[in-house]
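Reviewing the structure listed below.
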Amino acid sequence: MKKSPKTIQALDFATGRRPTWCPGCGDNAIWTALRTALANLQQPPEKTVIVYGIGCSGNMANFVKVYGFHGLHGRGIPVAEAVKIANPELTVIVVGGDGDGLGEGLGHFIHSLRGNHDITYLMLDNQVYGLTTGQTSPTSPQGYKSKSTPAGVIELPINPVALALAARGTFVARGFAGDLPHLTSLIMEALTHRGFSYVDILQPCVTFNHLSTYEWFSERVRKITGNEAAGDRERAIALAETADQLPIGVFYQESRTTYHESIQPPSKTVRSMSELSVRAIDSLIDEFR
Amino acid sequence: MGIKSTGDVMTRIIAEHGWCVYDYSEYPSLIRGGHNTYHVRAGTSAVRSTVRSAQILVALNEDTVRLDFPVVAAGGAILYDSDELDPDTVAAHRDDVHYIGLPLRALAVESGGSAVYFDTVAIGASLAALAGSIDIAERVVARHFSSKGKSVAESNAAAARRGFAYVRERWPNVLGSELTVQDAPKRIVIAGNEALGIGAIAGGLQFFAAYPMTPATSLLQYLARVGPDHGVVVKHAEDEIGAVNMAIGGAYAGLRTMTGTSGGGFSLMVESLGLAAMTETPLVIVNAQRPGPATGLPTWTEQSDLRFIVHAAQGEFPRIVLAPGNASECFTLGAEALNYAERFQLPVIILTDKLLAESQESVEPFSTKHLTIDRGKRITLAAAKKLSSYSRYAVAADGISPQAVPGLPNTMFLANSDEHDEQGFSDESAGNRQRMVEKRASKLTTAADELPQPMLHGPPEAEVTFVGWGSTMGAVLDAMDILARRGVRANFLRFVVLWPFPAEYAEAVLKRSSLTILVENNSQGQLGGLIREMIGEELNFHILKYDGRPFVPGEIAEQVLELVT
């Protein structure tokens, strides 16, 4: 059967640069899942924007051929929000780590959820700060010992799925780098959802996190079954809070008007491509006469 | 109504008589209470600054008598509610002042309104003392209250009329001068923030994100109110770091964007300033200064962020720093900053301050005749379709590489906060790093050739050369008028572009000046330090004010007269 030359493939999203992640790093799998998901959806690369945070996950910027923006640590979300407002025809994705998104960037995360900005947020969650060589992260378990918390971290970990649900997220999901097909289809669902799509992607850090290994994850990760959360935010939170379990799949999904659909002037036109000319200001001046 | 409204009404009444006005308000960082004053200064020709003496002090509470009675000029008047206040119990009696005490609240009720209209009675009463036109006052008062319904508008107009009649009857020609109606060209009365907002709208602003912070807040609120009907999306962001990154994201995607804040908010935006520079994304930030450090004096004025702004953020990169001197320049630079940001693909910072942002002045209605939109080197859709490769950061003689935006075919690139190669991919090699540092730096050289030179007010040669920037413009120009009347010739070298520093022009002027006097609203003479650094020239004398208040022309002129005589 002749393949259509116009078919978008996972390889079309590769830049030709070899990933620099450690062998066995979950980022390799997540990178593959993302490109596969985009290709499966026939998402044109030139209509795709990925905003990256800073961390090992952010280095993905060099390996995906789309319009990329490798921003500041924790500050990817506001960049992405404005890109979507500028041109709602773009598919806008944020890729960042747990430190980037729940440490430095926690505020932006919550506000974007409550605003239902139509972006897809992939949080590459390895429960450690990899790129800065192994410090504790907001999702590290209580007591986690690292070079920055040698006595064991005092705080309880953030549960980002529960947090996203409480912050009124309209699509809240969790995936696992150890289950590539499941993750790929989860990312596709996230990309298709209209509104803020959050996917907490569990992964090991083979170099620094000797606690949360693939074995450790396999003892806790299990798929959400059909009826468990059943479109109920409270049940979804309870599910997310289940002790010693890391359910993966979609916890909750609802339809709610997205941010850019609510703003004035309306986003009907692609603003960023519009011709600009000097605007008339006579009506503005009148109020000051 | 509050003092702000009362004062604004007074400003507009006087303006409608055809006079030039300049107002200035002082208020503490509180919602209720504290000492709040509103100064309205009027003249038949341009009024550009405030002063510390008044023909009329309208004292609506005891604090005002206690704190401000000394500012009443000899022959002037204090106006107050005689049922509520007895100035003699608060301040030493002055024989050279007229005491206009009238039952403001009782008159308000008598005129058919509520006692709360006492300040409108005071407006009418003041106008009588000034021998102005009550017809004009009624018109302005009715217009001011029109949004509150016909009944409220009419009651207030009646209250003003009552106050006017009462004073005219009992204190005829009290001040011996008249607020005559002038046959004047139509002017507008506007403050710096609103002027800047209008300029930005004229200049094609499409997205404004900000977080409230005095004295930049009224820029956000003005744009939020009028922006959407003029093509501007306005976002009140969750914090300043969100605001500036939204502005950057919007510009990356092809919009004309801006954010505005004060020094503390700018401090939060500093890392992102570098992000804009590193990714060569256009960005305009307004910093409406106030006294710092930290929370400082939120509602007062100072111009002490100069060094901070010129150097902010880690590393070395090009930026443009602009300093409007009055509302008209706020309008022009509000538009031009957007052009500079996109033409040179770098951050542009507009420095204003509380005095400039919030004082209203009479100006000629703004015209867009001389404005153009220059979006710089940009890849069009037609051009993109023909490309087989694209380097966003291609090294160029002028340092500026054409900008593509997401959505265009064939021009995908990475905007990277890491040091990067010509396509934007992270690159740590020595050669690339050096090349990229030079590419970015060369944009500043390009900009320096195209940006406007400093202003030289007054004659090319003079005994005294004032040196300054920003909102001190009005007081310095007025001081020059005072000095001229005393036989001292002065000119004024005023920097509008602070960075790239216009060394050549400045040096030429300063080298031929006999006595150079820095006038700055800060304690360290920051511009003086910058001049010394860039030209090697130490200014002769510093007149510095750092008490949170603006200069008045008299204090500048006095100090100069002491020097030269």
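Chain letters run A, B, ... following the sequence lines, proteins first, then strands; residues in each count from 1.
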Which answer fits His111(A), side chain, backbone, both or neither, if we ask what part of it has an atom under 4.5 Å from a heavy atom of chain B? side chain
Under 4.5 Å from any heavy atom of chain A - which part of Arg256(B): side chain
What's the verdict on side-chain contact (heavy atoms from CB on, under 4.5 Å) for Tyr393(B) and His420(B), showing C-alpha distance, side-chain angles and the deciding distance? CA-CA 9 Å; Tyr393(B) 303 102; His420(B) 46 265; 3.8 Å; yes
Per-residue contact mode, Asp229(B) against chain A (heavy atom under 4.5 angstrom): neither
Is it the case that the side chains of Gln43(A) and Thr91(A) hold a donor-acceptor pair, with the cut-off being a distance below 3.5 Å and no angle test? yes
Bottom line for Val83(A): the part with an atom under 4.5 Å from chain B's heavy atoms is both
Is it the backbone or the side chain of Thr279(B) that comes under 4.5 Å from a heavy atom of chain A, or both, or neither? side chain
Checked Pro45(A), Gly115(A), Gly105(A), Gly107(A) vs chain B; the most non-hydrogen pairs under 4.5 Å come from Pro45(A)
Measure distances from Ser272(B) to the heavy atoms of chain A and classify the residue's part below 4.5 Å as side chain, backbone, both or neither. both
Check each atom of Pro44(A) against the heavy atoms of chain B and say whether the ones under 4.5 Å are side chain, backbone, both or neither. neither
Give a yes or no on whether a salt bridge exists between Glu287(A) and Arg225(B), defined as a side-chain N under 4.0 angstrom from a carboxylate O. yes
Engaged part of Arg378(B) at the chain A interface, taking heavy atoms whose separation is under 4.5 Å: neither
Turns out that what part of Val232(B) lies under 4.5 Å from chain A's heavy atoms comes down to both
Whatever's closer than 4.5 Å to a heavy atom in chain A on Phe425(B) counts as both
Within the 3.5 Å criterion, strictly below it, is a donor on Gln203(A) or Asn126(A) matched to an acceptor on the partner's side chain? no
Does anything in residues 184-196 of chain B get under 4.5 Å of chain A by heavy atoms, and if so which residues? Arg187(B), Ile188(B), Val189(B), Ile190(B), Glu194(B)
Could you tell me which portion of Thr380(B) (side chain, backbone, both or neither) has an atom closer than 4.5 angstrom to a non-hydrogen atom of chain A? neither
Please look at Asp421(B) and chain A and tell me whether the side chain, the backbone, both or neither of the residue comes under 4.5 angstrom of a heavy atom of that chain. side chain
Under 4.5 Å to a heavy atom of chain A? For Tyr252(B) that would be side chain
Chain B contact via Tyr259(A) - side chain, backbone, both or neither, heavy atoms under 4.5 Å: side chain
Can a salt bridge be assigned to the pair Glu104(A) and Arg75(A) using a cut-off of 4.0 Å between side-chain N and carboxylate O? yes
May I ask you to say whether Glu261(A) pairs ionically with Arg194(A), meaning some side-chain N is under 4.0 Å from a carboxylate O? yes
